[in-house]
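Heavy atoms only: backbone and side chains are in, while hydrogens, waters and symmetry mates are out. Note that this is a predicted model, so its numbers are computed, not measured.
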Amino acid sequence: MPQTHTTSTTSTAAAVGVLVRRTVRGASALRGGRSWRPTPYQVFGFAFFLVMSLAYWAVPLCCDAGQHAAVVERLKADLLHPRHPMADLPGAGSPYYSPYAFAQGAFARLTGLGGWEVVRLAGPLNLLVLLTGIGHFARVLTPRPWAPVLALGAMTLLWGTERAWWSGYLSLMSMTGNLGYPSAFAIGLTFWAWALTGARARGEGLVRYVGPSGLSGLAGYAGIGTLYGLILLIHPITAAAAVLGAVAFVGGWQRGWRGAAAVQWAVAVRWGVTAGAALLVAGCWPYFDVFALAGDDSVDWMHRRLYEHLGGQFWLALLGLPALWRRGSWRDPLVLLFALDCLFVAYGWVSGRYTYGRILGLTLVPLQFALAVELAAPRPWGRARQVLGGAAAVGACVGFLTVQGGAVVPRALDPIGLEQPSHWPSYAWAARHVGKGEVVISDGHFAPRSIPGYGPNLAAPIWPDPALDERERERRLADVRAYLSGTSTRAERTAIARRYHARWLLLTRWKTVPEEAVVVAWSRGTGEVLARIG
């Protein structure tokens, strides 16, 4: 057998972890002499899954987790007509009620688990979808068996030396808080969608064109479109990045665009089926109109911060620029994707639609994966690749020691004082007294973002939501500030409490409990007080 053929067969088998036949004797021969060899990614991916799941479970849920837990609680109470996630109001039109949240709500109803428990359990599931998606996506880019391993390392470590913590940012540190979010699941589906799109565009697994009527395999294209439609419903801003990736792979790899008219028509029809299926799935979802979100600018103000400190948060990813340059063609999908992502992010800054900056986490993917593909090349390496590999190793160490390492190194085993994940207090002590659906007036940063996850409502929701007019939300926030003001009278407080049917106060230690309220419980850890309004 020629040496070249042997090498090709071995590398392919190692890349996909298939069964390898050996010459065997004795009992093994009765089983056909087949043995299973795991790929490097299966070994390292499984180890990463265990470590990251334990790290995620070890850190108290924080930040947006209370919002997502509240969504589960509302769906658990009424799966078909859930109330507003955080207020005693109708929830029709809220984009939080996605297919992902619907599945969580159904699971909560079946098991009796609460919203916090369901969000906690979602972390490993989302991580599994993410890891399998990364593996398939990397294998579409290259058959090199170590590419997915290096891509996982680059994607989690090569960010920057300042913490970047947003939903949809999946560095090692941010995974400790964000793995249970819908955005993590949507990003996992995005890698799957890109892998399937890239394989179809390159002609893998397809029936070749047979004249002008060669439109076989349309069901597969419709399936890919369904996947993009689900991503759009689950996390619309991630869907924007997913679509840019689809454009990059179809534009870069699809053959036939410059061929005969019949072939061009066949190609257009196939991908038209994908687009049509995506729009159909998204348009048929009954809980909210996802297309109406395109004109919603209510959250742009809070996302301006995404564009601040870009250098400190992302500069290590620039180590992938030489690898992207070495790919050598504007028709390369990773090059196209990086260019499209940069244009999209730049448009968000210029136009003031700062929410578009939420794709910044996925904008790093072309850099990180191009670097992984480059460094997965078999040895011997040339001088340029050796320098790039050394720089990447140093960059990964810098990222681990400055920002990311504290995610997986327990404080008790940390010899150098690594930065630790956020540790938010629990409000289970207060939720034991407040009934589900009862209205709470609260101050501070943590409590208003956490207590709705146990089932109570807020008089004034913290986050904008299309289900509630933004002017009404601002009016409610003003009323809460007036209630908590030291100059408010008992009559004014009573009027506000009656307006929103508020029965409880959850106050920080800096606030004075009003004379008409009765203290029911308090937290030893934070000094916060729960009081019933008389």
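- Considering CG of Asn178 and OG of Ser171, their distance stands at 8.0 Å, rounded to 0.5 Å.
- Within the structure, salt bridge (Lys or Arg N to Asp or Glu O under 4.0 Å) pairs that include any residue of residues 455-470 comprise Asp469-Arg471, Glu470-Arg473 (at least two apart or interchain).
- Counting non-hydrogen atoms of other residues, nucleotides and ligands closer than 6.0 Å to CZ of Arg305 gives a total of 12 or fewer.
- Put simply, the side chain of His84 reaches to within 4.5 Å of the side chain of Met86, judged on heavy atoms.
- To the nearest 0.5 Å, atoms OH (Tyr181) and CD1 (Ile187) are separated by 12.5 Å.
- A donor-acceptor pair under 3.5 Å links the side-chain atoms of Asp300 to the main chain of Thr355, judged by distance alone.
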Inset, instruction - Would you please test Leu89 and Arg476 for side chain to side chain contact (heavy atoms under 4.5 Å, CB included) and show each step? - result: CA-CA 12 Å; Leu89 293 165; Arg476 286 170 171 258; 3.4 Å; yes

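- In terms of modelled atom types and a separation under 3.5 Å, the side chain of Lys76 and the main chain of Leu113 share a donor-acceptor contact.
- With values rounded to the nearest 0.5 angstrom, Glu162 atom CD is found 6.0 Å from Gln313 atom CD.
- Under the 30°/60° scheme for interplanar angles, the aromatic rings of Trp159 and Tyr169 are found to be tilted.
- Between Leu54 and Met52 the shortest side-chain heavy-atom distance does not fall below 4.5 Å.
- At a threshold of 4.0 Å, the pair Arg493-Glu516 counts as salt-bridged, since one of the basic side-chain nitrogens sits closer than that to a carboxylate oxygen.
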Inset, instruction - Could you please spell out the steps behind the side chain to side chain contact (heavy atoms under 4.5 Å, CB included) verdict for Tyr500 and Asp88? - result: CA-CA 8 Å; Tyr500 301 117; Asp88 186 19; over 6 Å; no

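- In this structure, His309 has its ring center at least 6.0 angstrom away from the ring center of Trp315.
- Looking at every heavy atom in both residues, Pro82 comes nearest to Leu75 through CG-CD2, 3.7 Å.
- Distance CD1/Ile234 to CH2/Trp285: 9.0 Å, rounded to 0.5 Å.
- Under the 4.0 Å criterion applied to side-chain N and carboxylate O atoms, Asp78 and Arg83 are not assigned as salt-bridge partners.
- Remark: side-chain polar atoms of Asn457 are not paired, donor with acceptor, to backbone N or O of Glu438 under 3.5 angstrom.
- A distance-only check finds no donor-acceptor pair linking the side chain of Thr526 to the backbone of Ser523 [under 3.5 Å].
- Contact between Leu337 and Ala241 at its shortest, heavy atoms only, is CD1-O, 4.5 Å.
- Residues Leu505 and Pro514 are in side-chain contact: their nearest non-hydrogen atoms beyond the backbone lie under 4.5 Å apart.
- Aromatic ring pairs are classed by plane angle as parallel below 30°, tilted from 30° to 60° and perpendicular above 60°; the pair Tyr454 and Trp116 is tilted.
- Asp443 approaches Pro448 most closely through the heavy-atom pair O-CD, 3.5 Å.
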Legend entry - Chi angles and distances behind the side chain to side chain contact (heavy atoms under 4.5 Å, CB included) call for Ile451, Val434: CA-CA 10 Å; Ile451 194 65; Val434 183; 5.5 Å; no

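- Considering only residues two or more places apart in sequence or on other chains, Trp349 meets the ring pair (Phe, Tyr, Trp, His ring centres under 6.0 Å) condition with Tyr307, Tyr354.
- Within 6.0 Å of the CZ atom in Phe291, the count of heavy atoms belonging to other residues, nucleotides or ligands exceeds 12.
- Within 6.0 Å of CZ on Phe49 lie more than 12 heavy atoms contributed by other residues, nucleotides or ligands.
- Ion pairing of Arg475 with Glu472 is present here, as a side-chain N (NZ or NE/NH1/NH2) and a carboxylate O approach within less than 4.0 Å.
- Remark: aromatic rings of Phe369 and Phe137 are close, center separation under 6.0 Å.
- Looking at heavy atoms from C-beta onward, Ile441 lies out of side-chain contact with Leu506 at the 4.5 angstrom threshold.
- In terms of heavy-atom proximity, Pro461 sits nearest to Ala87 at CG-CB, 3.7 Å.
- Cation-pi contact between Arg120 and Tyr56: present, with separation from the ring centre below 6.0 Å and deviation from the ring axis of at most 45°.
- There is no side-chain donor-acceptor pair under 3.5 Å between Ser174 and Trp166.
- Note that the CG atom of Leu367 and the CG atom of Asp341 stand 9.5 Å from one another [nearest 0.5 Å].
- In this structure a side-chain-to-backbone donor-acceptor pair under 3.5 Å is present from Thr226 to Ala222.
- The shortest heavy-atom contact between His423 and Pro60 is CD2-CD, 3.6 Å.
- Residues satisfying the ring pair (Phe, Tyr, Trp, His ring centres under 6.0 Å) test with Phe185, not counting sequence neighbours, are Tyr100.
- When only modelled atom types and interatomic distance are considered, Arg163 and Ser422 share a side-chain donor-acceptor pair under 3.5 Å.
- Side-chain contact between Leu152 and Tyr41: present, with at least one pair of heavy atoms (C-beta onward) separated by less than 4.5 Å.
- A donor-acceptor distance shorter than 3.5 angstrom exists from the side chain of His303 to the backbone of Val299, with no hydrogens or angles considered.
- Scanning all heavy atoms of the two residues, the minimum distance from Val513 to Leu507 falls at CA-CD1, 4.2 Å.
- For His433 and Trp504, the distance between ring centers is not under 6.0 angstrom.
- For the pair Arg532 (side chain) and Val518 (backbone), a donor-acceptor distance under 3.5 Å is absent.
- Counting heavy atoms from C-beta on, the side chains of His68 and Asp64 come closer than 4.5 Å.
- In this structure, the side chains of Trp192 and Thr132 come closer than 4.5 Å at one or more pairs of heavy atoms.
- One N or O on the side chain of Thr274 and one on the backbone of Tyr221 form a donor-acceptor pair closer than 3.5 Å.
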Inset, instruction - Starting from the C-alpha separation in whole Å, work towards a yes-or-no answer on side chain to side chain contact (heavy atoms under 4.5 Å, CB included) for Ser53 and Leu127. - result: CA-CA 8 Å; Ser53 294; Leu127 181 58; 3.8 Å; yes

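- Using a 4.5 Å heavy-atom cutoff, the side chains of Gln104 and Pro182 are not in contact.
- Interatomic distance, Met155 CE to Leu362 CG, rounded to the nearest 0.5 Å: 8.5 Å.
- Between the side chain of Gln404 and the backbone N or O of Met173, at least one donor-acceptor pair lies under 3.5 Å.
- A side-chain donor-acceptor contact under 3.5 Å links Ser183 and Ser167.
- Side chains of Tyr427 and Glu528: a donor-acceptor N/O pair is present below 3.5 angstrom, by distance only.
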